[in-house]
2 protein chains.
Amino acid sequence: MEAQPDLAEAVVKLFGDPLRAEIVRLLAREQMCTCHLVDDTGARQSTISHHLRVLREAGFVTAEPRGRYTYYRLRPDALSLLTVGIANLTAQAHHAQAIRRPCA
Amino acid sequence: MEAQPDLAEAVVKLFGDPLRAEIVRLLAREQMCTCHLVDDTGARQSTISHHLRVLREAGFVTAEPRGRYTYYRLRPDALSLLTVGIANLTAQAHHAQAIRRPCA
DNA sequence: TTGATTCATCAGCTTCGGTCGATGTAGCGT
DNA sequence: ACGCTACATCGACCGAAGCTGATGAATCAA
């Protein structure tokens with residue numbers, strides 16, 4: 001049984017970088033636009049945009065243009081899939097405790 | 001509320017690399033020694049050892065010396081913590097949908 | 001004891017990816 | 001129209017991290 005084909009890749013896209021993880025953590029509290037994230041993290045605007053692009057392409061955030069601002073929010077459905085995937089892996093790991101492949 | 005202080009770091013240690021993710025996936029099925037992992041992944045022995053070290057130091061696997069072999073297994077408790085952390089983040093993200101920080 | 005096997009560690013190379021400044025575009029206020 | 005702000009994208013730089021071959025320790029078989 002496969003937990004999720006690209007579970008690892010998805011996770012890396014989410015947490016693969018400390019700053020990206022911080023962005024996710026902030027977006028988990030409220031929707032924010034890029035300028036908010038720049039203020040809160042202290043990173044440059046181009047850096048924030050870069051990470052938002054990664055998160056967007058990975059399907060973890062959505063961008064909503066609001067005039068000259070762009071609001072970002074997390075996609076709970078994507079996070080739910082991730083949660084299930086890791087939960088499955090955890091359950092599988094639990095069962096694996098009893099299995100040992102013999103050494104030739 | 002903080003999901004987990006170093007949730008991101010922990011996740012990166014687990015899935016931060018495709019090969020490492022593959023190792024985790026294999027260990028989720030059964031306990032294996034290094035040579036098994038070398039065979040199954042096709043990676044060099046030193047490379048496998050390197051990743052096992054990362055996983056070990058992160059607390060996700062334990063090593064059990066068995067004669068000249070060393071069996072590795074995942075630590076379900078560590079994975080459970082991770083699952084809870086991501087589940088919390090997911091729940092938090094769900095609530096955040098209704099909150100929007102105003103742009104100055 | 002000798003040799004083969006398993007595994008960990010090390011130093012060096014190389015690649016990947018994050019960060020940055022610069023540039024361009026679009027929307028808003030005056 | 002003009003300027004200002006918010007944002008995306010680009011190219012370049014650089015540091016972190018993975019990969020590798022070599023080396024050494026430990027175990028087992030002959």
Side-chain angles (χ1 to χ4, degrees), chain A residues 6 8-27 30-73 100-104, chain B residues 6 8-27 30-73 100-104:
Chain A
D6 51 357
E9 185 182 355
V11 170
V12 169
K13 291 292 179 62
L14 241 201
F15 299 103
D17 175 81
L19 177 53
R20 202 149 62 220
E22 174 71 8
I23 291 175
V24 170
R25 200 178 63 82
L26 289 170
L27 288 180
E30 55 183 348
Q31 301 181 41
M32 301 171 73
C33 59
T34 310
C35 58
H36 290 148
L37 292 168
V38 170
D39 290 344
D40 284 23
T41 63
R44 306 291 174 175
Q45 178 264 323
S46 61
T47 303
I48 296 295
S49 268
H50 164 68
H51 287 300
L52 286 173
R53 176 193 179 93
V54 173
L55 291 171
R56 201 187 324 136
E57 291 179 345
F60 284 115
V61 305
T62 54
E64 179 193 351
R66 272 273 176 133
R68 58 176 161 174
Y69 304 99
T70 302
Y71 272 93
Y72 280 90
R73 64 166 146 266
R100 168 173 296 169
R101 181 191 295 196
C103 249
Chain B
D6 52 356
E9 185 182 355
V11 170
V12 169
K13 290 291 177 63
L14 241 201
F15 299 102
D17 175 82
L19 177 54
R20 202 150 60 218
E22 172 71 6
I23 291 174
V24 171
R25 199 178 63 82
L26 289 170
L27 288 180
E30 55 183 347
Q31 299 181 42
M32 303 170 72
C33 59
T34 311
C35 58
H36 290 148
L37 291 169
V38 171
D39 290 344
D40 285 22
T41 63
R44 308 288 175 175
Q45 179 265 324
S46 59
T47 302
I48 296 295
S49 267
H50 163 68
H51 287 299
L52 285 174
R53 177 191 177 95
V54 173
L55 291 171
R56 201 187 324 137
E57 291 179 345
F60 284 115
V61 306
T62 53
E64 179 192 351
R66 271 274 175 131
R68 59 175 161 175
Y69 303 100
T70 302
Y71 274 94
Y72 280 91
R73 62 165 147 265
R100 169 174 293 168
R101 182 191 295 197
C103 248

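All of these numbers come straight from a predicted model, not from anything done at the bench. Every chain is numbered from 1 and lettered A, B, ... according to where its sequence line falls, protein lines coming before strand lines. Computed over heavy atoms, backbone and side chain alike; hydrogens, waters and symmetry mates excluded.
To the nearest angstrom, C1' of D:dT20 lies 12 Å from NE2 of B:His51. For the pair A:Leu55 CG and D:dA8 C1', the computed distance is 15 Å after rounding to whole Å. The distance between atom CD of A:Glu9 and atom P of C:dC16, rounded to the nearest whole Å, is 15 Å. Taking atom CD1 of A:Ile48 as the reference point, atom P of D:dT5 lies 19 Å away to the nearest angstrom. For B:Arg20 and D:dA17, the CZ to C1' distance is 9 Å, given to the nearest whole Å. With rounding to whole Å, B:Arg56 atom CZ is found 12 Å from C:dC7 atom P. Between the NZ atom of A:Lys13 and the C1' atom of C:dG18 there is a distance of 15 Å, rounded to whole Å. Computed from coordinates, the A:Tyr69 OH to C:dG27 P distance equals 14 Å when rounded to whole Å.
The residue among A:Gln45 and A:Arg66 whose nearest nucleotide of DNA chain C is located toward the 5' end is A:Gln45. DNA chain C is contacted by both A:Asp17 and A:Ser46; A:Asp17 maps to the nucleotide lying nearer its 5′ end (nearest heavy atom per residue).
Of the side-chain N and O atoms in B:Arg68, none sit less than 4.0 angstrom from OP1 or OP2 of C:dC7. Side-chain N/O atoms of A:Arg53 include none lying less than 4.0 angstrom from OP1 or OP2 on D:dA8.
Salt bridge A:Arg101/B:Asp39: absent, no basic N to carboxylate O contact under 4.0 Å.
Residues A:Arg73 and B:Arg100 form a side-chain contact, since some pair of their non-hydrogen atoms from C-beta on lies under 4.5 Å apart. Looking at heavy atoms from C-beta onward, B:His36 lies out of side-chain contact with B:Glu30 at the 4.5 angstrom threshold.
Among D:dC7, C:dC7, C:dG18, the nucleotide with an atom closest to any side-chain atom of A:Tyr72 is D:dC7. In this structure, of C:dG21, D:dA22, D:dC7, it is D:dC7 that holds the atom nearest to the side chain of A:Thr34.
Applying the 3.5 Å distance criterion, the base of C:dG18 shares no donor-acceptor pair with the side chain of A:Thr47.
Residue B:Leu19 is in sugar-phosphate contact alone, with no base atom involved, counting any heavy-atom pair closer than 4.0 Å across all strands shown.
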